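Working notes, beginning with the structure itself.
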Amino acid sequence: AQSVTQPDIHITVSEGASLELRCNYSYGATPYLFWYVQSPGQGLQLLLKYFSGDTLVQGIKGFEAEFKRSQSSFNLRKPSVHWSDAAEYFCAVGEEYGNKLVFGAGTILRVKS
Amino acid sequence: EPEVTQTPSHQVTQMGQEVILRCVPISNHLYFYWYRQILGQKVEFLVSFYNNEISEKSEIFDDQFSVERPDGSNFTLKIRSTKLEDSAMYFCASSQGNLALHFGNGTRLTVT
């Protein structure tokens with residue numbers, strides 16, 4: 001069965017600092033990988049996705065993520081964090097022709113000025 | 001940009017009552033989903049729906065739950081007899097089939 005692990009429950013970074021949120025997945029074949037962001041009281045917004053091809057994918061709001069098959073990881077990065085990036089971030093995995101996404105537990109990002 | 005809309009944003013109901021949560025998916029999407037998030041916990045898959053049939057459902061989605069696409073635009077989740085543990089945020093999502101799900105803002109269900 002698919003599973004997703006986000007090892008960090010909370011992360012605090014200073015505004016302007018770089019960010020990396022970790023995601024590890026467990027899945028036999030090539031996964032479809034996603035990062036979503038959720039602001040308080042809002043739904044989940046898709047930041048970026050990986051299906052195949054180039055392992056470094058660019059998303060919205062200046063985010064990027066890198067698929068590393070050897071490490072079963074899909075970490076989210078941003079070179080310079082803005083205060084508006086404070087939110088909860090979810091990694092999710094699915095499979096080609098699959099019927100669902102499986103979500104990690106989420107990482108809450110706090111940005112200090 | 002097209003959006004998934006959910007109504008109501010907040011529903012309070014008494015234990016044992018039936019509730020219907022409503023969703024309008026993005027118009028050219030063909031795949032529909034319900035997820036829930038109990039406060040402080042994971043986003044959990046409930047059910048996926050395509051071509052007027054359930055594609056997959058989780059263990060949570062027992063006989064108390066049902067989904068329906070009553071017309072060309074709405075997608076509903078019905079809980080027949082609510083329990084306290086059904087209190088959660090329920091999210092509807094839709095996609096074009098590549099699992100890039102677009103979520104609504106959710107319905108907060110409170111069962112008292």
Side-chain angles (χ1 to χ4, degrees), chain A residues 1-10 23 25-27 29-53 57-61 63 65 67 74 87-108, chain B residues 1-10 21 23-26 29-51 53-61 67 88-108 110:
Chain A
Q2 303 157 0
S3 68
V4 181
T5 302
Q6 293 181 247
D8 304 304
I9 299 173
H10 297 100
C23 173
Y25 65 90
S26 172
Y27 180 62
T30 299
Y32 282 10
L33 294 158
F34 304 82
W35 276 98
Y36 283 83
V37 61
Q38 185 182 33
S39 298
Q42 301 293 309
L44 291 91
Q45 182 183 21
L46 179 62
L47 283 177
L48 47 77
K49 57 187 181 287
Y50 171 79
F51 295 148
S52 64
V57 293
Q58 302 297 321
I60 62 172
K61 305 185 182 189
F63 285 92
F67 171 57
F74 188 58
E88 189 160 15
Y89 292 79
F90 293 92
C91 182
V93 64
E95 61 182 82
E96 189 178 14
Y97 307 121
N99 298 310
K100 67 183 181 189
L101 289 184
V102 174
F103 283 82
T107 297
I108 296 172
Chain B
E1 185 177 320
E3 289 183 343
V4 174
T5 56
Q6 291 186 243
T7 55
S9 57
H10 192 186
L21 309 183
C23 170
V24 179
I26 294 173
H29 286 185
L30 300 176
Y31 297 79
F32 313 115
Y33 310 81
W34 284 101
Y35 281 77
R36 79 172 186 191
Q37 186 179 31
I38 295 172
L39 189 63
Q41 297 187 24
K42 276 190 178 186
V43 178
E44 300 175 293
F45 170 75
L46 291 178
V47 66
S48 56
F49 189 87
Y50 170 72
N51 199 26
E53 288 184 346
I54 290 175
S55 308
E56 185 169 344
K57 60 183 181 180
S58 72
E59 290 178 355
I60 303 167
F61 195 89
V67 289
M89 183 74 90
Y90 287 80
F91 291 105
C92 174
S94 66
S95 81
Q96 293 178 314
N98 57 5
L99 288 179
L101 272 57
H102 295 255
F103 284 84
N105 283 339
T107 293
R108 180 167 297 284
T110 302

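Within every chain, numbering begins at 1; the chains are lettered A, B, ... in the order of the sequence lines, protein sequences first and strands thereafter. Here the structure is a predicted model, which means the values were calculated and not measured.
Proximity to chain B (any heavy atom under 4.5 Å) is shown, for A:Val93, by neither the backbone nor the side chain. Heavy atoms of A:Lys49 lying under 4.5 Å from chain B belong exclusively to its side chain. Of the two parts of B:Tyr35, only the side chain, counted from C-beta on, holds a non-hydrogen atom closer than 4.5 Å to a non-hydrogen atom of chain A. At a 4.5 Å heavy-atom cutoff, A:Tyr97 makes no contact with chain B through either its backbone or its side chain. In this structure, the portion of B:Gln37 lying under 4.5 Å from any heavy atom of chain A is its side chain and not its backbone. Both the backbone and the side chain of A:Leu44 come within contact range of chain B, with heavy atoms under 4.5 Å apart. At a 4.5 Å heavy-atom cutoff, the contact between A:Gln38 and chain B is made by side-chain atoms alone.
Remark: side-chain polar atoms of B:Ser48 are paired, donor with acceptor, to backbone N or O of A:Asn99 under 3.5 angstrom. With hydrogens and angles ignored, the 3.5 Å screen pairs no side-chain donor or acceptor of B:Asn105 with any backbone N or O of A:Gln42.
Between B:Val43 and A:Phe103, the shortest heavy-atom distance links the atoms O-CB, 3.7 Å. Across all non-hydrogen atoms, the minimal contact from A:Tyr32 to B:Leu99 is CD2-CD1, 4.4 Å. Residue A:Leu46 comes nearest to B:Leu101 through the heavy atom pair CB-O, 4.5 Å, listed as atom of the first residue, atom of the second, then distance.
Atom CD1 of A:Ile9 sits in a sparse spot, with 12 or fewer heavy atoms from other residues, nucleotides or ligands closer than 6.0 Å. The 12-atom threshold is not exceeded at CD of B:Glu3, counting heavy atoms of other residues, nucleotides or ligands nearer than 6.0 Å.
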